[in-house]
Amino acid sequence: MPDHSATSPRPLRSSAAGPLSGRARVPGDKSISHRALMLAALALGESRIEGLLEGEDVLATAAAMRAFGATVTKGADGIWRVTGVGVGGLLEPQDVIDFGNAGTGVRLCMGIAASHSFATTFTGDASLRGRPMGRVLDPLRRMGVQVLSRAGDLLPLSLKGPDLLVPIEYRVPVPSAQVKSAVLFAGLNAPGTTTVIETVATRDHTEKMLAGFGAGIEIEKVEGGVAIRLEGRRDLKCQSIVVPGDPSSAAFLIVAALIVPGSDVTVEGVLLNPMRVGLIDTLLEMGGDIAIENRRNVGGEAVGDIRVKASRLKGVSVPAERAPAMIDEYPVLAIAAAFAEGETVMNGVGEMRVKESDRIAAMIAGLRANGIEARDGPETMAVTGGAKEIGGGTVKTHLDHRIAMSFLVLGLAGQKPVTVDDAAPILTSFPEFETILASFGARFEPAEPALAT
Ligand code: S3P
């Protein structure tokens, strides 16, 4: 996998170039793309996946599924075809599995590898090697998996499943769809019922897709949350999947259109799953002119076209309960907040600290470098809008695609250009970011490498 910590950085600058206008489709949803490849690799027969995100993170998952014995190809028609090995049928990988920057990829994949009695070794780039894996390893250990890892349960690490995995009941201690999914994926090959109890709802793509593939899954309201029960050792049936557009990528186009005066942009075919639209709800509360058109259903998920016009925004307090529905969108919300009247306070956002970078620290530093007042607490981030002169700074992106894209959006609306020290990680999730925004009228230019500090 490309390791952007090992290659030369690609500094990039964005600057104001007048209103943005046009229509575009964003690439497929990253969460759904990872899950589609993994479940297809465990199913019997050939699955078809249309609209798969072809960013580096998802391509790492495709490579991993091949390493486990599935056949994964892309046809001339653009459709990906995966021939699965059946539940419990993964082969021992011949080499270390390198997930690059992909946290979702590696954590979910640990779940599926866990139920096989061979050793798999996982690694990733400098960012991924610093991210906590214990949240997934803890329940897997309870299921009988042996783990050999660096101190603090960091990558690289090896895991080896027992001959027979123990089905467990697991109450997820952090609101994390990745942890929930890893346990359920492990449970696919455990005898009996694996139960995950979620006290705070998170994105439900795994549950929906497991049902679609014919897994024995039941969801029941229980005291204080929801119990997701999965009957293990059932065959999965191959599927035809259409991946809707990624709302976490659309977010950058939406915020750009809101803050660049005179803009009018439509983003087509965006996933509108209720657990993914927290940013849109928040931007509407801030006074954003956002309309959802052509609502439809694609493969069991709500989808629509989102039309956004430049708007006067006002600061709001975003409730902590909304965090799981917009966890990846706070960086770009902070950019919108810089153009709002008053302060925007984001509550309950502590999980931002363990994403591709410590996103609270990275955002605060980047905002201040560009003349914007921002403050943080352990679980909060707050941004004051209306600075007289925005821009002019160089931002450290810490191998984090969303930090890079957020600040490039800032430069489109600031008084002065904004430079990011490395735009290369954008390829992990949204390779079309620059070309789509350029087609709307945005201006990007290569910048000089930052001086080493
Ligand atoms: C994801 C879940 C979220 C999110 C990540 C994708 C998923 O992480 O931040 O980008 O696809 O399950 P957590 O589950 O750790 O909150």
Side-chain angles (χ1 to χ4, degrees), residues 27-39 52-53 55-58 60-61 99-112 124 127-128 130-139 153 170 172-186 196 198-210 228 243-244 246-252 271 273 275-279 301 320-333 346 348-360 362-363 379 399-403 405-406 425-426 428-430:
D29 185 65
K30 184 147 73 79
S31 294
I32 294 181
S33 294
H34 282 300
R35 288 160 172 79
L37 285 170
M38 291 185 196
L39 288 178
L52 187 83
L53 168 63
E56 289 169 356
D57 280 13
V58 173
T61 290
F99 266 98
N101 196 249
T104 306
V106 77
R107 292 197 180 110
L108 268 54
C109 194
M110 285 183 198
I112 64 169
S127 155
L128 197 59
R131 296 181 65 188
M133 296 297 143
R135 49 179 60 198
V136 170
L137 297 175
D138 289 343
D153 275 343
Y170 192 66
V172 188
V174 274
S176 167
Q178 295 179 357
V179 176
K180 164 176 71 177
S181 305
V183 176
L184 291 171
F185 280 3
V196 173
E198 232 188 7
T199 50
V200 177
T202 61
R203 63 190 71 190
D204 57 358
H205 309 305
T206 294
E207 298 89 306
K208 284 188 161 174
M209 216 178 275
L210 279 169
I228 306 152
V243 184
D246 195 332
S248 299
S249 296
F252 299 100
L271 173 70
N273 179 307
M275 287 314 299
R276 299 291 300 281
V277 294
L279 175 73
E301 292 279 9
E321 305 82 75
R322 201 175 288 161
M326 58 175 297
I327 191 63
D328 292 335
E329 280 65 77
Y330 288 105
V332 79
L333 175 65
M346 303 164 217
V349 294
E351 275 290 299
M352 283 179 76
R353 297 203 182 272
V354 289
K355 296 297 175 188
E356 285 79 333
S357 66
D358 174 344
R359 286 184 172 159
I360 297 184
M363 286 309 299
E379 294 281 332
L399 292 177
D400 190 330
H401 55 136
R402 298 199 207 283
I403 299 298
M405 290 188 277
S406 296
I426 295 173
T428 61
S429 70
F430 192 3

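Every number for a ligand or one of its atoms is a count from 1 in the order of the listing. Just so we're clear, the structure is a prediction, and the values are computed from it rather than from any experiment. Note that these values count all heavy atoms, side chains included, but never hydrogens, waters or copies made by symmetry.
No donor-acceptor pair closer than 3.5 Å links the side chain of R402 to the backbone N or O of E329. Side chain of S127 to main chain of N101: no donor-acceptor pair is present (N/O by atom type, distance under 3.5 Å, no hydrogens or angles).
Note: K180 NZ to E207 CD = 3.5 Å, rounded to the nearest 0.5 Å. Here the CD-CD distance, from E379 to E351, works out to 8.5 Å after rounding to the nearest 0.5 Å.
Protein residues having a heavy atom under 4.0 Å from any atom of ligand 1 are S31, R35, T104, R135, P175, S176, A177, Q178, R203, I327, D328, K355, listed by chain and number.
Results of the salt bridge (Lys or Arg N to Asp or Glu O under 4.0 Å) test with D328 over R359, R276, K30 single out R359 as the only residue that passes.
A 4.5 Å side-chain heavy-atom check between D246 and F430 finds every atom pair outside the cut-off.
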